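Structure first, commentary second.
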There are 4 protein chains.
Amino acid sequence: MKEKIIEKAIELFEKKGFSTTSIQDIVDELGVTKGSFYYYFSSKEQLLMDIYNEYITNLLDRQTKIIANKTLSPKEQLIEIIRLLIDDLIENGPRARIYFREMRHLSENHINTIKKIRKQFRKNIEMVIRTGEEQGVFKNQLPADILAFALLGLTNWSYNWYTPAGEIPPDQLVKIYSELLLTGLLDKDH
Amino acid sequence: MKEKIIEKAIELFEKKGFSTTSIQDIVDELGVTKGSFYYYFSSKEQLLMDIYNEYITNLLDRQTKIIANKTLSPKEQLIEIIRLLIDDLIENGPRARIYFREMRHLSENHINTIKKIRKQFRKNIEMVIRTGEEQGVFKNQLPADILAFALLGLTNWSYNWYTPAGEIPPDQLVKIYSELLLTGLLDKDH
Amino acid sequence: MKEKIIEKAIELFEKKGFSTTSIQDIVDELGVTKGSFYYYFSSKEQLLMDIYNEYITNLLDRQTKIIANKTLSPKEQLIEIIRLLIDDLIENGPRARIYFREMRHLSENHINTIKKIRKQFRKNIEMVIRTGEEQGVFKNQLPADILAFALLGLTNWSYNWYTPAGEIPPDQLVKIYSELLLTGLLDKDH
Amino acid sequence: MKEKIIEKAIELFEKKGFSTTSIQDIVDELGVTKGSFYYYFSSKEQLLMDIYNEYITNLLDRQTKIIANKTLSPKEQLIEIIRLLIDDLIENGPRARIYFREMRHLSENHINTIKKIRKQFRKNIEMVIRTGEEQGVFKNQLPADILAFALLGLTNWSYNWYTPAGEIPPDQLVKIYSELLLTGLLDKDH
DNA sequence: AATGAATGAGCGTTCATTCAT
DNA sequence: AATGAATGAACGCTCATTCAT
């Protein structure tokens, strides 16, 4: 039941937004009562936090595995992180969109918890870039922290428009983003 | 007074979100009454739409000027568009953050109006890229529409973290983004 | 202007009801502002009272003339009163419907004023009936006061359904009501 | 509780009118809160509709029984319908007065539902009259549809003035109305 | 584990009215 | 004679939350 509530909540939060979705809305669709909801969650915010936690923890775990894989070069790790984010978009689109949009509705404490993990995720990307720079694979005149933000912007923005069912399959999107990020727009002969 | 309401609304919508900000919140801070608010706006949604309209119209106008400037090469136009977006972030940060977050709260009609302008803005970037491709300046194996989304992701994401008061002045951010977008991460010698 | 406000108010009060019609509604349709309204009327209730006063005074005046006409027999006077009410329905339908429906929204003082005139109107009918009874034209086993109410019920109810544009022209309606009231439903041979 | 809300609402709607009675007014008198009201009714209009439905359905049922009773002649059925309406006035005066006054505040759909039943009630009277005409008991030069309206005017108007506690007991009112309707005002010798 | 009833605070909106100009 | 700006009270309604059962 708890899981069912979370699933339905994700569906509705994505469609209508957190504050526009009432607990009544959620339980109505499940055919249970509000009392039930409060048996499993102490508050609406707690439910949101559960969704956040599950989401970001999972993402960080998968990223950690990529980084721990020492058989991959920094360049390959970077590509794998892009792949991770595009894959996630496909698997957990609704969850991710909620993640980007509704942070404001968490309590200050919860926000800090999430922000810490989020920062860790970003710092990991930064580290990969730095390693690449040290190895001379990446240019070293660009600041790694900004580049990490840039990578995240590139991929995260996709949640706003990309649908895997369209012309571009996920694999190709990863390829395009990787190519762009690694070699840029300009033609070599110019 | 109408202008004062809009200013205060932008401030609060950014801080607390559209649906969490009540009209009472807005007028309380201005020391007027709700009746006053409704003298100037027909609804809370209308106020939001006013903010949207003003914002996106202004942005499209400035982009149009860049594109109309035939003394600029596609590459330079692209850089100018990046500069436009970063400049705007600095001038209109709050307005822009609202723009990205609260679309859901517009009426269907209004959403369509905004989406049309937004699409125009994106199509303009696409066009610049396409022109660059045709002139052989840009690689032509990457799809222009995705690249437009990529540029927008790169710049728009900045609204989430960039503060001009920090170590990186706006000019340099434009430079970093341009360099990354044009030539990529990889060192030439690799 | 005062007259224009009254006309428009009658139109709207009939269509939407007194309390559902706002002063804004009235002045909007006339292209003037609320300030204007309050130049001519001290309150919304005062406007309603003006409508009431004009209406019932006019009606009583016309009834008085019928009763003063000594060339008419009681029976003829009764028919003329029915005709007056049907004529009025046609000339002043909206005004009359307001009269029947919105009394509740007058102040207590005003209600009393109106009720007095209304009672006078009814008492006049009663008097005609009584005169008819004394002259032996009307049965005298039926109480005149109830009969006055009956006549008013018969005619006033027409405001709920009768439209002069239909199959039955006003003249005929008067005839039907008169016939029914004077001789009843039953066939003489029964 | 639902029943208590309906009772109190009827009392207040009759005294002050539907739109002048706020939900706050209703719940205040019952010592509960507005939230409670909305637990039982989806809207103020729904409450009104409940009152309408209950009222008119009950009335139509009782009328149907009279009409189905084949031991009664048309004349007797007509008298019984008058009795039904007067009895109802006494039992359900407030409900009935609301019924006559507040239809405007129902939604279009609901109005249509009620109008259908109301029309059925009227058509039933018409039918009784027509049967009487065919049997030669009633005059046949008067149109039955108008006569049905006339009967309804006669009885329904009583809701505006008749109090059973006065000089005239209900039984006698029925008798007066029946006599008037059947044989009219005029003395036979005239 | 779940229900049903109730609360209380707040929300967006309306509106009669006022008043300086 | 009329306007434009503002008020303040009320309204219908929503909703997260509580709690006895």
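These numbers come from a predicted model, not from an experiment. No hydrogens, no waters, no symmetry mates; every other heavy atom, side chains included, goes into these values.
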Look at A:Glu102 together with A:Arg97 and state whether they make a salt bridge at an N to O cut-off of under 4.0 Å. no
N/O-N/O pairs, protein side and nucleotides 7-9 of chain E side, under 3.5 Å:
| unit_1 | atom_1 | unit_2 | atom_2 | d |
| --- | --- | --- | --- | --- |
| E:dT7 | OP2 | D:Thr33 | N | 3.1 |
| E:dT7 | OP2 | D:Thr33 | OG1 | 2.9 |
| E:dT7 | OP2 | D:Ser36 | OG | 3.2 |

Aromatic ring proximity A:Trp157/A:Phe100, centre distance under 6.0 Å: no
Rounded to the nearest 0.5 Å, the NZ atom of C:Lys44 sits from the CZ atom of C:Phe37 at a distance of 8.5 Å
Which residue lies toward the 5' end of DNA chain E, C:Gln24 or A:Tyr40, if each is placed at its nearest nucleotide? A:Tyr40
When you match A:Thr21 and C:Met1 each to their closest nucleotide on DNA chain F, which lands nearer the 5' end? C:Met1
Hey, is A:Asp25 close enough to A:Lys16 for a salt bridge, meaning N to O under 4.0 Å? yes
Have a look at A:Ser19 and say if it touches a base, only the backbone sugar-phosphate, or nothing, with a 4.0 Å heavy-atom cut-off. nothing
Short question: side chain of D:Thr113, backbone of D:Asn109 - any donor-acceptor pair under 3.5 Å? yes
Which whole-number value in Å describes the distance from B:Ile26 CD1 to E:dG10 C1'? 15 Å
Less than 4.0 Å between a side-chain N and a carboxylate O, is that true for A:Arg95 and A:Glu54? yes
Looking at B:Tyr40 and B:Leu47, would you say the former's side chain and the latter's main chain have a donor-acceptor pair under 3.5 Å? no
Once you apply a heavy-atom cut-off of 4.0 Å, does A:Ser42 come out as touching a base, just sugar-phosphate, or nothing? nothing
Separation of C:Asp28 atom CG from E:dT14 atom P, in whole Å? 12 Å
Taking the basic N atoms (NZ, or NE/NH1/NH2) and the acidic carboxylate oxygens, is any pair closer than 4.0 Å for B:Glu7 and B:Lys4? no
Distance under 4.0 Å to a non-hydrogen atom of chain B counts as contact; along DNA chain F, which nucleotides mark the start and end? F:dG4 to F:dG8
Pair pattern of DNA chain F in dot-bracket, where unpaired bases get dots and | marks partners in another strand, Watson-Crick or G-U under 3.5 angstrom: .||||||||||||||||||||
So, does C:Ser36 use its side chain to make a donor-acceptor pair with the main chain of C:Val32 at under 3.5 Å? no
Please report the C-alpha distance between C:Glu45 and C:His110 in whole Å, then the side-chain angles of each, then the deciding distance to 0.1 Å, and finally whether the side chain to side chain donor-acceptor pair (under 3.5 Å) criterion is met. CA-CA 9 Å; C:Glu45 193 252 332; C:His110 284 155; 2.6 Å; yes
At what distance, to the nearest 0.5 angstrom, does CZ of A:Phe41 lie from CD1 of A:Ile5? 5.0 Å
Rounded distance in Å - NZ (B:Lys44) to P (E:dG10): 15 Å
